[in-house]
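Below is one structure, written out as structure tokens; the observations come after it.
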Amino acid sequence: GNSVTQMEGPVTLSEEAFLTINCTYTATGYPSLFWYVQYPGEGLQLLLKATKADDKGSNKGFEATYRKETTSFHLEKGSVQVSDSAVYFCALSDRTLGRLYFGRGTQLTVWP
Amino acid sequence: DTGVSQDPRHKITKRGQNVTFRCDPISEHNRLYWYRQTLGQGPEFLTYFQNEAQLEKSRLLSDRFSAERPKGSFSTLEIQRTEQGDSAMYLCASSWDTTDYGYTFGSGTRLTVV
């Protein structure tokens, strides 16, 4: 079946620190992979995506590379800001079933 | 287009009452999805529509939950005889005719059952 496993939070960093949030997946077929971000009281916003193996998604300084051999899609940012504080969700698509599967989310807090 | 709109943003209801939520998707999108999110969890799939056809509803949590999309545009999610365990954020999303590029989510409806 399909599932996504994220590192448990919360993650607390100082401003300008390096961020890694681990994500691994199991899937039937060849999914697309996503990172979504959720700010307090809001819905989810698409942060970045990768549609095939070895693709790198990037946006707003965040990056993630689709690694088929390790079934991973780790989120990284070289220098976090206070405004990056949010919950981050890793997700995969199942094209056959027509839906996304989400991890449990990782809370990130960045202190000035 | 202003994105996916959900109404209301917040709903407080007494146990046993019926509630209905509305979602207006991005007009060019023909798929519409409903998810539920409880505190500390990722979104949980409930159901989805392609145009007006409901293609998957087995994940609706019980027969108290139902969804419609009568003209292939907006959708409603109804919960009958609400229970305290129904308290959650209900998220609507829309997409093109594929999940390859992800969804666009609305801001959600926060339901509190007292």
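Values reported hereafter were calculated over all heavy atoms of this structure, with side chains retained and with hydrogens, waters and symmetry mates removed. Letters A, B, ... are given to chains in the order of the sequence lines, protein chains preceding strands, and every chain is numbered from 1.
The disulfide bond (SG atoms under 2.5 Å apart) contacts involving residues 39-71 of chain B comprise nothing, where partners must be two or more places apart or lie in separate chains.
Taking hydrophobic clusters as Ile, Leu, Val, Met, Phe, Trp and Tyr residues chained together by side-chain heavy-atom distances below 4.5 Å, B/I79 shares a cluster with B/V113. Follow the hydrophobic side-chain contacts under 4.5 Å out from B/Y33 and you never reach B/I26; the two are in separate clusters. In the hydrophobic clustering of ILVMFWY residues, with side-chain heavy atoms under 4.5 Å counting as a link, B/V19 and B/W34 come out together. Neither B/F65 nor B/L91 shares a network with the other; the hydrophobic side chains, linked directly or stepwise wherever heavy atoms of I, L, V, M, F, W or Y lie under 4.5 Å apart, form separate groups for each. Hydrophobic clustering keeps A/F34 apart from B/W96 (ILVMFWY residues linked when any side-chain heavy atoms are closer than 4.5 Å, directly or through intermediates).
Under a cut-off of 6.0 angstrom, the local environment of OH in A/Y30 is sparse, with at most 12 non-hydrogen atoms contributed by other residues, nucleotides or ligands. Within 6.0 Å of CD in B/Q80 there are more than 12 heavy atoms belonging to other residues, nucleotides or ligands. Atom CD of A/E15 has more than 12 neighbouring heavy atoms from other residues, nucleotides or ligands inside a 6.0 Å radius. Counting non-hydrogen atoms of other residues, nucleotides and ligands closer than 6.0 Å to CZ of B/R64 gives a total above 12. Summarising the local packing, CD1 of B/I12 is surrounded by 12 or fewer heavy atoms from other residues, nucleotides or ligands at distances under 6.0 Å.
A 4.5 Å side-chain heavy-atom check between B/F105 and A/Y36 finds at least one atom pair inside the cut-off.
The main-chain N or O of A/Q45 is never found under 3.5 Å from a side-chain atom of B/Y103 such that the two would form a donor-acceptor pair.
Residues of residues 35-53 of chain B lying within less than 4.5 angstrom of chain A, judged on heavy atoms, are B/Y35, B/Q37, B/G40, B/Q41, B/G42, B/P43, B/F45, B/Y48 in numerical order. Of all residues spanning residues 101-112 of chain A, those with a heavy atom less than 4.5 Å away from chain B's heavy atoms are A/F102, A/G103, A/R104, arranged by number. Contact residues of residues 54-83 of chain A toward chain B are absent (heavy-atom distance under 4.5 Å).
Across A/L100, A/L46, A/T51, the residue that shares the most heavy-atom pairs under 4.5 angstrom with chain B is A/L100.
Both the backbone and the side chain of A/L44 come within less than 4.5 Å of a heavy atom of chain B.
Taking CZ of B/R31 as the reference point, atom CZ of A/R99 lies at 11.5 Å (rounded to 0.5 Å).
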